[in-house]
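Heads up: the structure comes next, in structure tokens.
In what follows, every heavy atom counts, from backbone to side chain, and hydrogens, waters and symmetry copies are set aside.
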Amino acid sequence: MKIAVVGATGLVGGEVLKVLEERNFPVTELIPVASAKSVGKEVVFKGKPYKVVGFEDAIKAKPAIAIFSAGGSTSLALAPQFAEAGITVIDNSSAWRMDPTKKLVVPEINGHTLTPEDKIIANPNCSTIQMVMVLNPLHKKYRVKRVVVSTYQSVTGTGKAAVDQLYAERNGDQDAPKVYPHPIDLNVLPHIDVFLENGYTKEEMKMTNETKKILGDNTVAVTATTVRIPTIGGHSESVNVELASSFDLNEVRQLLANSEGVIVQDDPQNAVYPMPITAHGKDETFVGRIRRDETQPNTLNMWIVADNLRKGAATNTVQIAEYLLNNGLVEA
């Protein structure tokens with residue numbers, strides 16, 4: 001199968017190549033794609049170098065699937081051109097997520113909604129993906145009424161320049177280029193993406209709106225505060241969930257432990273709980289600190305962690321590609 005990776009030289013694009021290789025996706029021909037300044041550079045896939053090509057050459061090559069990790073403006077401009085050429089686009093940006101004509105997919109939750117006619121498929125926001133992986137089984141059994149989430153998000157979610165800023169500050173270089181309005185090392189920024197008129201950031205509203213769309217239920221209320229912290233391995237979330245019916249804590253743990261792609265790490269007496277440092281490089285979503293909210297009925301507190309470059313981005317897109325292939329929704 002011919003696969004194009006658009007944005008192949010970026011942080012997420014590089015992770016996509018790694019995940020394709022690790023999961024033995026049947027790539028017969030790789031087409032790495034990037035902007036004009038990167039054309040001619042090489043990326044390595046399965047030990048073999050591939051030259052980066054431009055967008056027009058990629059469309060002419062007619063890959064079956066194009067995985068986009070090149071930003072919203074690029075996706076808005078180019079994804080329709082790929083789709084018109086019969087190429088199925090899986091897009092990692094926010095460009096198409098809330099478009100009512102496009103599917104927003106986490107394969108374990110709503111992959112079954114995909115059809116051969118879906119030529120542009122949206123990959124959700126990284127912090128939303130890991131949260132809905134845990135919310136979905138709870139919603140099916142108890143119905144989720146309301147979610148209060150505070151995130152602790154890795155600098156890798158901003159990209160390579162943010163990682164460079166963190167390490168430059170850590171090494172004492174205060175004059176290095178900055179992508180954040182304040183220092184990030186030894187600091188916490190309650191500011192991810194732009195602020196909107198309602199006082200929330202775009203990232204916070206993504207979590208609110210995307211959760212409803214993925215779960216297929218507009219009655220689920222979500223309020224979020226998203227925060228950037230100086231970590232590398234993944235995003236963490238403190239999640240308070242009000243359910244419509246009563247629950248048994250052991251039953252909740254068993255339900256989550258039996259959910260595909262979810263791993264329960266919940267033995268706080270022995271200091272076992274999810275952390276970015278242990279989630280790093282892994283594809284699963286980890287949940288722990290599962291406990292009853294004692295201030296109101298039918299409410300849980302949880303701590304959810306996942307590698308934002310893996311399940312939050314690259315792995316989820318590759319899993320969508322696998323679903324398309326395995327269910328005959330694209331031609332090999």
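No more than 12 heavy atoms of other residues, nucleotides or ligands lie within 6.0 Å of CZ in Arg289, so this atom counts as exposed by the packing criterion. When the shell of 6.0 Å around NZ of Lys212 is examined, it contains more than 12 heavy atoms from other residues, nucleotides or ligands. The neighbour count for Tyr167 OH, taken as heavy atoms of other residues, nucleotides or ligands under 6.0 Å away, does not exceed 12. Environment of CD in Glu42: crowded, with over 12 heavy atoms of neighbouring residues, nucleotides or ligands closer than 6.0 Å. Around atom NZ of Lys46, more than 12 heavy atoms belonging to other residues, nucleotides or ligands sit under 6.0 Å away. Remark: Glu294 CD is loosely packed, at most 12 non-hydrogen atoms of other residues, nucleotides or ligands lying under 6.0 Å away. Residue Glu331 places its CD atom among 12 or fewer non-hydrogen atoms of other residues, nucleotides or ligands, all under 6.0 Å distant. Around CG of Leu249, the count of heavy atoms belonging to other residues, nucleotides or ligands within 6.0 Å exceeds 12.
For the pairing with Ile65, the side-chain contact (heavy atoms from CB on, under 4.5 Å) check across Val89, Ile90, Ile320, Val27 returns one residue only, Ile90.
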Checklist line | Audit row: Met207, Val149, side chain to side chain contact (heavy atoms under 4.5 Å, CB included) steps and yes/no | finding: CA-CA 9 Å; Met207 293 192 76; Val149 53; 4.0 Å; yes
Item checked: Worked verdict on Asn240 versus Thr299 for side chain to side chain contact (heavy atoms under 4.5 Å, CB included) -> CA-CA 7 Å; Asn240 179 273; Thr299 303; 3.4 Å; yes
Notebook entry, point to check: Where do Tyr180 and Thr158 land on the side chain to side chain contact (heavy atoms under 4.5 Å, CB included) test, with the steps shown first?
Noted result: CA-CA 9 Å; Tyr180 298 125; Thr158 311; 2.5 Å; yes
Next item on the list: Go through the steps to decide whether Val147 and Leu135 satisfy the test side chain to side chain contact (heavy atoms under 4.5 Å, CB included), and finish with yes or no.
Entry: CA-CA 9 Å; Val147 179; Leu135 290 183; 3.9 Å; yes
Checklist line | Criterion side-chain hydrogen bond (donor to acceptor under 3.5 Å, both in side chains) on Glu203 and Asn125, from CA distance to verdict | finding: CA-CA 8 Å; Glu203 181 86 354; Asn125 182 43; 3.2 Å; yes
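Listed for the Glu169 side chain is a donor-acceptor partner under 3.5 Å among the backbone atoms of Ile184. A donor-acceptor distance shorter than 3.5 angstrom exists from the side chain of Asn110 to the backbone of Leu104, with no hydrogens or angles considered. For the pair Lys103 (side chain) and Thr113 (backbone), a donor-acceptor distance under 3.5 Å is present. Side chain of Thr128 to backbone of Cys126: no donor-acceptor contact under 3.5 angstrom is found. Checking side-chain atoms of Glu204 against main-chain N and O of Thr226 turns up a donor-acceptor pair under 3.5 Å. Using modelled atom types, one side-chain atom of Asp173 and one backbone atom of Ala176 make a donor-acceptor pair closer than 3.5 Å. Listed for the Ser38 side chain is no donor-acceptor partner under 3.5 Å among the backbone atoms of Ala34. Using modelled atom types, one side-chain atom of Thr151 and one backbone atom of Val227 make a donor-acceptor pair closer than 3.5 Å. Counting only distance, with no hydrogens or angles, the side chain of Asn187 and the backbone of Pro183 share a donor-acceptor pair below 3.5 Å. Between the side chain of Asn136 and the backbone N or O of Met133, no donor-acceptor pair lies under 3.5 Å.
Considering NZ of Lys51 and CD1 of Ile31, their distance stands at 16.0 Å, rounded to 0.5 Å. Of the inter-residue distances, the one linking Ile304 atom CD1 with Ile290 atom CD1 reads 9.0 Å to the nearest 0.5 angstrom. Atoms CE and CZ, on Met302 and Arg291 in that order, are 10.0 Å from each other to the nearest 0.5 Å. Distance check, rounded to the nearest 0.5 Å: CD1 of Ile120 to CD of Glu84 gives 8.5 Å. Between Ile229 atom CD1 and Ser154 atom OG the span is 7.5 Å, to the nearest 0.5 Å. Expressed to the nearest 0.5 Å, how far CG of Asn270 lies from CG of Asp267 amounts to 4.0 Å.
Applying the side chain to side chain donor-acceptor pair (under 3.5 Å) rule to Tyr323 yields no partners; only residues at least two apart in sequence or on another chain are considered. Applying the side chain to side chain donor-acceptor pair (under 3.5 Å) rule to Glu322 yields the partners Arg23; only residues at least two apart in sequence or on another chain are considered. Remark: Thr219 engages Arg143, Asp217 in a side chain to side chain contact (heavy atoms under 4.5 Å, CB included) (not counting sequence neighbours). In this view, Asn92 and Ser69, Asn123 satisfy the side chain to side chain donor-acceptor pair (under 3.5 Å) rule, not counting sequence neighbours. Residues forming a side chain to side chain contact (heavy atoms under 4.5 Å, CB included) with Gln254 (at least two apart in sequence, or on another chain): Asn258. When the salt bridge (charged side-chain N to carboxylate O under 4.0 Å, His left out) test is applied to Lys311, the partners found at least two apart in sequence or on another chain are Glu108. By the salt bridge (charged side-chain N to carboxylate O under 4.0 Å, His left out) test, Lys282 pairs with no residue at all, sequence neighbours left out. Applying the salt bridge (charged side-chain N to carboxylate O under 4.0 Å, His left out) test to Asp99 and every residue at least two apart in sequence or in another chain returns Lys102.
Each ring-ring contact (aromatic ring centres under 6.0 Å, His included) pair with one or both residues in residues 68-100, not counting sequence neighbours, appears once here: Phe68-Phe82. Listed by first and then second residue, the ring-ring contact (aromatic ring centres under 6.0 Å, His included) pairs involving residues 134-164 are Tyr152-Trp303 (not counting sequence neighbours). Here ring-ring contact (aromatic ring centres under 6.0 Å, His included) pairs that include residues 256-277, with residues two or more places apart or in two chains, number zero. Contacts classified as ring-ring contact (aromatic ring centres under 6.0 Å, His included) and involving residues 192-232 (residues at least two apart or in different chains) are given here: His191-Phe195.
Cluster membership for Val241 and Leu215, using ILVMFWY side-chain heavy atoms within less than 4.5 angstrom, is shared. Linking ILVMFWY residues whenever their side-chain heavy atoms come closer than 4.5 Å, directly or via other members, places Leu11 and Val5 in the same cluster.
When all heavy atoms are compared, the tightest approach of Ser259 to Leu255 is OG-O, 2.8 Å. Heavy atoms only, all atoms of each residue included: Val106 and Pro124 are closest at CG2-CG, 3.8 Å. Taking each heavy atom of Asp307 and Leu309 in turn, the nearest pair found is OD1-N, 2.9 Å. Taking both residues in full, the closest heavy atoms of Asn298 and Ser246 are given as OD1-CA, 3.3 Å, listed atom of the first, atom of the second, then distance. Contact detail for Val179 and Gln165: the closest heavy-atom pair is N-OE1, 2.7 Å. Nearest heavy-atom pair, Leu324 versus Leu114, reported as atom, atom and distance to 0.1 Å: CD2-CD1, 4.0 Å.
A salt bridge does not link Lys18 to Glu21: none of the charged side-chain nitrogens sits closer than 4.0 Å to a carboxylate oxygen.
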